[in-house]
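Bear in mind the structure is a predicted one, so any value in this text is a computation, not a measurement.
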Amino acid sequence: PGDQEAGELGLAAVPGRQAAFRQGLEAAVHYARAVGCPRIHVMAGRVPLGTDRAAVAGEMETTFIENLKYTADLLSQEDMIGLLEPINSRITDPRYYLNTPHQAAAILEKVGRPNLKLQLDLFHCQIMDGNLSRNLETYFPLIGHIQIAQVPGRHEPDSPGELNFPYIFELLESLGYTGYVGCEYAPKGDTLEGLGWLRSYWESRGLQHGGTSKAAK
């Protein structure tokens with residue numbers, strides 16, 4: 001993430017911070033290797049303070065592409081995947097450079113490396129664009145990881161909000177998604193109590209707690 005005390009949130013697209021980005025990436029690879037995690041979120045970073053987004057967009061994209069090519073080469077040696085996550089600029093972070101899946105897809109196309117993928121957080125996607133079913137279908141070939149939270153409160157999937165998660169989970173299954181779904185939400189109470197939505201979902205699908213089938217083999 002860079003120097004968070006100085007207001008940084010990633011470095012991959014920040015001009016002049018290439019050396020610090022590479023140092024941070026190498027540390028992330030070291031940690032990921034140690035815990036057996038094959039995916040690393042490559043954080044784009046924020047538009048520098050005091051600058052206009054439109055004025056620096058071209059330079060930031062050039063920096064981002066350069067750093068992503070370096071990332072892809074390094075991660076290919078480790079059999080790891082780099083992930084790009086759009087973060088909404090309407091609620092969460094007005095200065096974050098990468099805001100929509102459309103922008104991320106365009107960047108990925110320009111970089112052209114198969115071990116770079118889209119990390120699609122449905123909370124951010126809903127806030128910026130909505131149209132989740134079509135976006136999931138459109139960008140599915142690029143998706144390397146899914147994250148969820150209810151909108152707008154960013155709490156559990158069964159908390160009051162805009163998104164119908166049983167429908168979304170069935171859509172992901174129908175598309176053939178076999179990866180993890182990250183619970184990137186803030187529990188309204190404690191963690192275990194907050195996982196009640198998952199138990200209810202398993203039961204609705206005829207599964208026991210833990211996701212195993214009740215049906216006899």
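Between F64 and Y97, the two ring planes are perpendicular [angle over 60°; tilted spans 30° to 60°].
For the residue pair A12 and N67, the shortest heavy atom distance occurs at O-ND2, 2.7 Å. The two atoms that bring R113 and D73 nearest to each other are NH1-OD1, 2.5 Å, heavy atoms only. Here the shortest heavy-atom pairing between G182 and H145 reads N-CE1, 3.9 Å. Here the closest non-hydrogen pair linking P86 and P101 is CG-N, 3.8 Å. Contact record, G82 with V42: CA-CG2, 4.1 Å, taken as the closest heavy-atom pair. Nearest heavy-atom pair, S133 versus L171, reported as atom, atom and distance to 0.1 Å: CA-CD2, 3.7 Å.
Placement of F140 and M128 in two distinct hydrophobic clusters is found when ILVMFWY residues are connected by side-chain heavy-atom separations under 4.5 Å, directly or transitively. Under a hydrophobic-cluster definition in which Ile, Leu, Val, Met, Phe, Trp and Tyr are linked whenever side-chain heavy atoms come within less than 4.5 Å, directly or via other members, L175 and I146 are assigned to the same cluster.
Donor-acceptor pairing under 3.5 Å is lacking for the side chains of E162 and Q150. For the residue pair N99/N88, the side-chain donor-acceptor check at 3.5 Å is not satisfied. Side-chain N/O atoms of S159 and Y185 include no donor and acceptor closer than 3.5 Å.
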> Do E85 and L118 pass the side chain to side chain contact (heavy atoms under 4.5 Å, CB included) test, and can you show the C-alpha distance, the side-chain angles, and the key distance before you say yes or no?
Replying inline: CA-CA 6 Å; E85 180 187 13; L118 173 63; over 6 Å; no
> Under the side chain to side chain contact (heavy atoms under 4.5 Å, CB included) criterion, do L9 and Y96 qualify, and how do the steps go?
Replying inline: CA-CA 8 Å; L9 191 67; Y96 201 75; 4.0 Å; yes
>> Please determine whether side chain to side chain contact (heavy atoms under 4.5 Å, CB included) holds for the pair Q126 and L122, giving the CA-CA distance in whole Å, both sets of side-chain angles, and the decisive distance to 0.1 Å.
In response: CA-CA 6 Å; Q126 170 71 2; L122 299 185; 5.9 Å; no
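At a threshold of 4.5 Å between non-hydrogen side-chain atoms, the residues N135 and H102 count as touching. Side-chain contact between D121 and H124 is present, with at least one heavy-atom pair separated by less than 4.5 Å. Between I40 and L83, every side-chain heavy-atom pair lies at or beyond the 4.5 Å cut-off. Side-chain contact check for M80 versus R39: every heavy-atom pair is 4.5 Å or farther apart. At a threshold of 4.5 Å between non-hydrogen side-chain atoms, the residues I143 and K117 do not count as touching. Here the side chains of S89 and T100 are not in contact, with every heavy-atom distance at 4.5 Å or above. Put simply, the side chain of Y139 does not reach to within 4.5 Å of the side chain of L120, judged on heavy atoms. With contacts defined as side-chain heavy-atom distances shorter than 4.5 Å, the pair I81/P38 does not qualify.
Residues R46 and E8 are not paired through a salt bridge, judged by the lack of any N-O separation under 4.0 Å between the basic side chain and the carboxylate.
Residue-environment remark: CG (D190) exceeds the threshold of 12 foreign heavy atoms within 6.0 Å.
When the options T63, L84, L108 are evaluated for a side chain to side chain contact (heavy atoms under 4.5 Å, CB included) with L68, the one that passes is L84. Partner of Y201 under the ring pair (Phe, Tyr, Trp, His ring centres under 6.0 Å) criterion, chosen from F165, Y167, F169: F169.
In this structure, OG1 in T92 is found 7.5 Å from CD1 in I87, a value given to the nearest 0.5 Å. From K188, atom NZ reaches atom CD of E156 across 7.5 Å, with rounding to the nearest 0.5 Å. Once rounded to the nearest 0.5 Å, the distance linking CZ of R33 with CG of D79 reads 12.5 Å. Rounded to the nearest 0.5 Å, atoms CG (L98) and CE (M60) are 10.0 Å apart. Expressed to the nearest 0.5 Å, how far CD of E78 lies from CG of N115 amounts to 11.5 Å. Taking CG from L25 and CD from Q23, the interatomic distance works out to 11.0 Å, rounded to the nearest 0.5 Å.
When atom types are taken as modelled, the side chain of R154 and the backbone of F123 share no donor-acceptor pair closer than 3.5 angstrom. The main-chain N or O of T178 is never found under 3.5 Å from a side-chain atom of E173 such that the two would form a donor-acceptor pair. In this structure, R95 contributes its side chain and P48 its backbone to no donor-acceptor pair below 3.5 Å.
V14 belongs to no hydrophobic cluster, as no Ile, Leu, Val, Met, Phe, Trp or Tyr side chain comes under 4.5 Å of its own.
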